Undergrad: 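Have a look at the structure that comes next, please.
Computed from a predicted model, the values in this text were never measured in an experiment.
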Amino acid sequence: QVQLVESGGGLVQPGGSLRLSCATSRSIFSIYTMGWYRQAPGKQRELVASITKGGSTNYIDSVKGRFTISRDNAKNTVYLQMNSLKPEDTTVYYCNKVGPPYASWGQGTQVTVSS
């Protein structure tokens with residue numbers, strides 16, 4: 001069974017930075033485009049950033065210029081560097097492959113941006 005383990009969240013002041021990590025299995029990491037998602041309470045989960053096997057990236061408009069997704073192929077790990085964080089970035093962040101069928105979702109990592 002594919003496992004996705006997210007980490008790196010926490011409490012940070014507005015304007016601060018965090019780096020999220022997602023460790024996964026080679027079975028999906030080596031094949032699929034990977035992405036970071038977030039889901040605020042009462043809202044649908046949204047794809048925030050994605051990265052292809054070749055390293056091409058894509059972002060939603062609200063995080064462009066602030067977030068950077070990357071991948072370490074040797075470690076089967078995907079990262080999300082988040083800079084200039086805003087209170088509206090507060091929520092739980094998840095990683096998974098892009099597009100269904102999804103692997104089983106991990107527990108996510110909570111990001112809280114507050115002064």
Side-chain angles (χ1 to χ4, degrees):
Q1 184 176 355
V2 174
Q3 280 194 313
L4 297 162
V5 181
E6 302 93 346
S7 62
L11 172 64
V12 64
Q13 291 187 341
S17 299
L18 285 172
R19 188 193 194 204
L20 307 184
S21 298
C22 170
T24 184
S25 65
R26 185 118 189 111
S27 62
I28 67 168
F29 185 88
S30 63
I31 299 173
Y32 299 107
T33 296
M34 297 296 296
W36 280 96
Y37 300 76
R38 65 187 180 188
Q39 184 171 22
K43 294 187 177 182
Q44 285 193 329
R45 192 168 290 169
E46 65 174 346
L47 178 62
V48 174
S50 63
I51 185 166
T52 67
K53 292 184 295 181
S56 296
T57 59
N58 198 24
Y59 304 90
I60 57 172
D61 287 344
S62 60
V63 308
K64 282 181 181 177
R66 300 190 299 122
F67 290 9
T68 302
I69 188 171
S70 61
R71 60 196 293 161
D72 185 330
N73 293 333
K75 296 181 178 180
N76 297 332
T77 300
V78 183
Y79 303 99
L80 187 67
Q81 177 67 44
M82 304 188 296
N83 299 328
S84 302
L85 281 161
K86 303 176 180 180
E88 52 263 42
D89 295 319
T90 295
T91 190
V92 181
Y93 286 73
Y94 304 85
C95 71
N96 210 315
K97 61 183 288 290
V98 173
Y102 298 102
S104 297
W105 294 91
Q107 82 287 353
T109 186
Q110 174 71 45
V111 171
T112 302
V113 185
S114 175
S115 55

Undergrad: Tell me whether S115 contacts the main-chain N or O of Q13 through its side chain, where contact means a donor paired with an acceptor under 3.5 Å.
TA: no
Undergrad: For Q110 and T90: C-alpha separation, side-chain torsions, deciding distance, then whether side chain to side chain contact (heavy atoms under 4.5 Å, CB included) applies.
TA: CA-CA 8 Å; Q110 174 71 45; T90 295; 4.0 Å; yes
Undergrad: Is the backbone N or O of T91 less than 3.5 Å from a side-chain atom of Q39, with the two atoms forming a donor-acceptor pair by type?
TA: no
Undergrad: Other than W105, which residues form its hydrophobic cluster under the rule that side-chain heavy atoms must be closer than 4.5 Å?
TA: Y37, L47, V92, Y94, V98, Y102
Undergrad: Determine, using the 4.5 Å side-chain heavy-atom cutoff (strictly less than), whether V63 and L20 are members of one ILVMFWY cluster.
TA: yes
Undergrad: Is it true that, when you exclude E88 itself, more than 12 heavy atoms of the residues, nucleotides or ligands shown sit nearer than 6.0 Å to its CD?
TA: yes
Undergrad: Within this structure, what is the OG1-CE distance for the pair T57 and M34, rounded to the nearest 0.5 Å?
TA: 15.0 Å
Undergrad: Taking all non-hydrogen atoms of both residues, which atom of P14 and which atom of S114 are closest, and how far apart?
TA: CD-C, 3.6 Å
Undergrad: R71: what forms a salt bridge (charged side-chain N to carboxylate O under 4.0 Å, His left out) with it, not counting sequence neighbours?
TA: none
Undergrad: Say you draw a straight line from OG1 of T24 to CG of N76; how long is it, rounded to the nearest 0.5 Å?
TA: 7.0 Å
Undergrad: Do the side chain of Y93 and the main chain of G8 share a donor and acceptor less than 3.5 angstrom apart?
TA: no
Undergrad: Hey, quick one: are I51 and I60 part of the same hydrophobic cluster, counting side-chain heavy atoms closer than 4.5 Å, chains of contacts allowed?
TA: yes
Undergrad: Evaluate the side-chain proximity of L80 to R38: yes if any heavy-atom separation is below 4.5 Å, no if none is.
TA: no
Undergrad: Please tell me if the side chains of I69 and Y59 come closer than 4.5 Å, counting only heavy atoms from C-beta onward.
TA: yes
Undergrad: So, taking the atom named CZ in F67 and the one named OG in S84, what distance separates them when rounded to the nearest 0.5 Å?
TA: 9.0 Å
Undergrad: W36 and S21: which non-hydrogen atoms are nearest, and at how many Å?
TA: CH2-O, 3.5 Å
Undergrad: Is D72 reaching over with its side chain to a backbone N or O of T77, donor-acceptor style, under 3.5 angstrom?
TA: no
Undergrad: For the residue pair N83 / S17, report whether a side-chain donor-acceptor contact shorter than 3.5 Å exists.
TA: yes
Undergrad: Which heavy-atom pair separates L4 from A103 by the least distance, and what is that distance?
TA: CD1-CB, 4.0 Å
Undergrad: To the nearest 0.5 Å, how far apart are CG in L85 and OG1 in T112?
TA: 10.5 Å
Undergrad: Measure the NZ-CD1 distance between K97 and I31 for me, rounded to the nearest 0.5 Å.
TA: 9.5 Å
Undergrad: Shortest non-hydrogen contact from K53 to Y32?
TA: CG-O, 4.1 Å
Undergrad: I'd like to check the salt bridge (charged side-chain N to carboxylate O under 4.0 Å, His left out) partners of K64; sequence neighbours left out, ordered by chain and number.
TA: D61
Undergrad: Could you report the tightest heavy-atom contact between M82 and V111, atom names first, then the distance?
TA: CE-CG2, 3.7 Å
